[in-house]
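Note that the coordinates shown come from a computational prediction; the quantities given were computed from them, not determined experimentally. The first residue of the sequence shown is numbered 1, and numbering continues consecutively from there.
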Amino acid sequence: MAFNPLIGVRGGDMATAAKALLKAVVVSPRKAGANYALYLKELGRVVRGNSQLAAEPKDRRFSDPAWQGNVLYKRLLQAFLLTQKELGQFIDQSELTSKDKGRAHFFASLVTDALAPSNWVLGNPSAVRKIVDTGGDNLVKGLKNLVHDLRYNHMLPSQVDTTPFKVGVNVATSVGQVVLRHEMFELLQFTPSTSTVMQRPLVMSPPQVNKYYAMDLSPDKSLVKWACDSGVQLFVVSWRNPTLEQRHWGLTDYVKALDIAVNATCEITGSPDVNMWGSCSGGMTLAAYLGWLAARGEHKVANTSWAVCVLNTEAAIEDSTLGLFSSPEALRAAKARSRRRGIVTGEEMASMFAWLRPNDLIWNYWVNNYLLGNSPPAYDILAWNADTTRLPGQYHCDLIEMMEKNPYVNPGALEIDGLAIDFSQVRVNAYVVAGLTDHITPWRACYGTARLFGPNSIFILANAGHLQSMINPPGIPKSYFFEGTANTEDPVTWAAQAQASRKEGSWWPHWREWIQGKSGDWIEAPKKLGSRKHKPLGAAPGTYVLEK
């Protein structure tokens with residue numbers, strides 16, 4: 001869903017991070033000695049029971065009452081928290097460069113998170129209690145889960161039980177038809193749910209690194225249904241899951257595929273132009289398409305919506321952990337690996353995403369599956385996330401080159417089908433959505449996307465993470481968002497000014513009002529989907545979404 005995990009972290013990068021931590025000791029030996037002495041002093045307070053250290057209330061690893069009520073577990077927890085705290089302070093106070101400090105923090109957090117007492121059988125009071133309650137049956141089940149994951153889940157703990165979810169049966173159930181089947185995609189037209197619809201249709205360009213139905217999980221949280229209920233004539237591109245045979249598909253191919261989808265949509269609806277939606281890497285493809293249209297002097301897209309999409313790649317690298325490892329050498333190595341192998345597997349990308357948030361996406365399930373002997377939860381969002389796709393080697397290389405060249409900021413740095421792209425020539429209205437706690441496409445970098453479209457573009461900041469900021473139907477408890485135009489250069493300044501604009505609930509109704517104002521006149525809803533030229537080929541969600 002983003003380009004940072006597409007780079008990966010090489011073994012050499014991890015060695016560099018470890019060296020940065022050791023370098024802090026070598027460069028600042030006196031500080032290291034003083035810090036160690038302070039650590040031992042505080043550790044003595046922990047042993048004597050005089051420490052006031054406590055885990056963050058939101059840290060689910062230590063929610064069991066035994067971490068506070070049991071003397072041994074409390075001291076074990078406080079020793080762990082002290083180690084994390086003092087190590088972090090030592091790195092901050094060292095004489096390392098800011099980048100080396102970031103690398104040292106990255107390595108230190110990986111090690112300390114792995115060594116958290118909650119990850120070990122005797123160190124986890126919930127696991128010990130369950131051993132007593134089940135006579136050790138939880139460890140037997142946990143061992144079976146471990147063997148299964150070693151064999152079938154690429155040595156990562158399974159995050160979800162996918163068996164209850166069937167695409168087209170209880171997820172991706174919005175009614176529609178495949179109205180065009182192309183080598184690279186199927187174009188889905190969804191059945192209107194209103195008697196009248198708006199004249200200008202909306203075409204969605206989802207990310208190539210995931211399947212489209214994140215926008216159509218279940219009726220109560222389906223953006224597809226919400227759009228149709230809003231009177232939008234909705235078309236969605238369902239990308240094909242490529243194999244080695246399609247290793248040559250690149251950005252230009254995906255751009256031309258979008259053009260074919262837009263032309264078909266215009267022919268079916270009779271509209272001279274469309275609105276478009278781009279999510280994550282699908283948004284990066286949409287941006288290239290807009291630049292290509294501008295270079296050709298064509299005007300097919302009137303208004304755009306962007307969800308968790310970064311177009312200013314330099315801002316994303318500066319604002320993310322993996323930016324620490326996005327060196328020219330790392331980028332060259334990633335491209336060489338893709339050219340050699342021809343494909344990037346979904347499992348590779350899933351692993352990289354998991355290691356961005358190991359406590360939530362690895363150790364949480366380690367405890368649940370192996371120590372407690374539970375089955376992973378059955379959750380539709382996680383089931384969708386586990387339904388991975390591959391990336392063609394050429395497209396992967398093109399994404400990496402976008403990181404290197406930042407083409408939507410630097411005119412002429414990108415060519416599509418022989419035409420140089422100058423994004424300053426793109427003239428469309430924009431509605432940009434970001435997630436406040438998004439660790440993949442940081443919101444400050446997404447604000448840069450809004451800035452590319454001028455000071456009148458709309459920027460929405462939802463109080464959620466990467467996917468949850470998109471799957472944001474009305475009715476979610478504690479949901480809120482900030483909104484405003486991108487009229488200031490600095491995102492932090494914008495956020496400070498936007499505090500007064502805080503609105504409780506989902507941003508979906510706000511977007512409904514915006515898209516209705518950008519979609520032309522209301523007309524009678526079509527009685528049939530497709531057209532004479534583009535006849536229905538089968539029910540949504542189509543066939544490409546089912547390919548593994």
Side-chain angles (χ1 to χ4, degrees), residues 1-20 99-100 102-103 106-107 110 154-156 184 207-210 239-255 257 280-282 284-285 287-288 310-318 320-356 388-410 412-418 420-421 440-441:
M1 301 174 75
F3 39 81
N4 276 347
L6 302 184
I7 303 169
V9 177
R10 302 171 299 160
D13 295 324
M14 294 303 298
T16 299
K19 288 178 182 177
K99 195 162 190 175
D100 276 341
R103 289 170 173 167
F106 177 76
F107 183 77
L110 284 181
H154 305 274
M155 295 186 292
L156 285 176
M184 298 182 70
Q208 292 90 337
V209 299
N210 289 101
W239 297 114
R240 189 174 191 178
N241 195 0
T243 66
L244 273 175
E245 293 182 7
Q246 291 86 39
R247 62 189 302 159
H248 60 280
W249 287 356
L251 181 61
T252 291
D253 299 292
Y254 281 104
V255 164
C280 311
S281 59
M284 299 177 77
T285 305
V310 174
L311 299 183
N312 184 344
T313 57
E314 182 179 358
I317 292 174
E318 292 175 349
S320 66
T321 300
L322 286 183
L324 300 170
F325 304 103
S326 298
S327 64
E329 295 78 11
L331 299 179
R332 284 196 298 269
K335 286 191 290 185
R337 185 169 60 246
S338 282
R339 293 193 180 101
R340 183 175 64 254
R341 298 175 60 184
I343 207 83
V344 180
T345 68
E347 291 78 16
E348 289 177 278
M349 289 184 284
S351 176
M352 200 60 236
F353 277 114
W355 284 109
L356 286 176
T388 59
T389 61
R390 295 172 290 274
L391 276 187
Q394 182 57 55
Y395 182 62
H396 180 222
C397 291
D398 292 339
L399 286 176
I400 292 174
E401 287 192 359
M402 284 193 202
M403 295 191 64
E404 293 179 293
K405 298 178 180 179
N406 204 10
Y408 303 124
V409 173
N410 300 311
L414 172 67
E415 286 191 0
I416 298 294
D417 201 27
I421 303 304
I440 297 173
T441 51

At their closest point, which heavy atom of Gly412 faces which heavy atom of Ala420, and how far apart are they? CA-CB, 4.3 Å

Stepwise side chain to side chain contact (heavy atoms under 4.5 Å, CB included) test for Leu311 and Met284: CA-CA 6 Å; Leu311 299 183; Met284 299 177 77; 4.2 Å; yes

Show the nearest heavy-atom pair for residues Thr285 and Val255, with the distance to one decimal. O-CG2, 4.0 Å

State whether the side chain of Arg390 and the backbone N or O of Pro242 hold a donor-acceptor pair below 3.5 Å, judged by distance alone. yes

Can you tell me how far CD1 of Ile400 sits from CE of Met402, rounded to the nearest 0.5 angstrom? 11.5 Å

Results of salt bridge (Lys or Arg N to Asp or Glu O under 4.0 Å) for Arg339 - residues two or more places apart only: none

Would you indicate whether the side-chain heavy atoms of Asp253 and Gln246 approach each other to under 4.5 Å? no

Can you measure from CG (Asn312) to CG (Asn406) and round to the nearest 0.5 angstrom? 4.5 Å

Might you point out which heavy atoms bring Gln208 and Thr389 nearest each other, and give the distance in Å? O-OG1, 3.1 Å

Trace of the side chain to side chain contact (heavy atoms under 4.5 Å, CB included) decision for Lys335 with Glu404: CA-CA 12 Å; Lys335 286 191 290 185; Glu404 293 179 293; 2.9 Å; yes

Leu391 side, atom CG; His396 side, atom NE2 - distance, nearest 0.5 Å: 7.0 Å

Would you please name every residue forming a side chain to side chain contact (heavy atoms under 4.5 Å, CB included) with Gln394, sequence neighbours left out? Cys397, Asp398

Suppose we screen for side chain to side chain contact (heavy atoms under 4.5 Å, CB included). Which residues come up paired with Ile421, at least two apart in sequence or across chains? Trp292, Leu414, Ile416

Please round to the nearest 0.5 Å and tell me the distance separating atom CD of Glu348 and atom CZ of Arg337. 7.0 Å

Rounded distance (nearest 0.5 Å) linking atom NZ of Lys405 with atom CG of Asn410: 11.0 Å

Can you sort out the partners of Asp417 under side-chain hydrogen bond (donor to acceptor under 3.5 Å, both in side chains), two or more places apart, ordered by chain and number? Lys256

Once side chain to side chain contact (heavy atoms under 4.5 Å, CB included) is applied, do any residues pair with Arg240, and if so which ones, sequence neighbours excluded? Glu183, Trp249, Tyr544, Glu547

Quick one: pull up CD1 in Ile343 and CG in Asn241 and give me the separation to the nearest 0.5 Å. 8.0 Å

ring-ring contact (aromatic ring centres under 6.0 Å, His included) partners of Tyr254, counting only residues at least two apart: Trp239, Tyr395

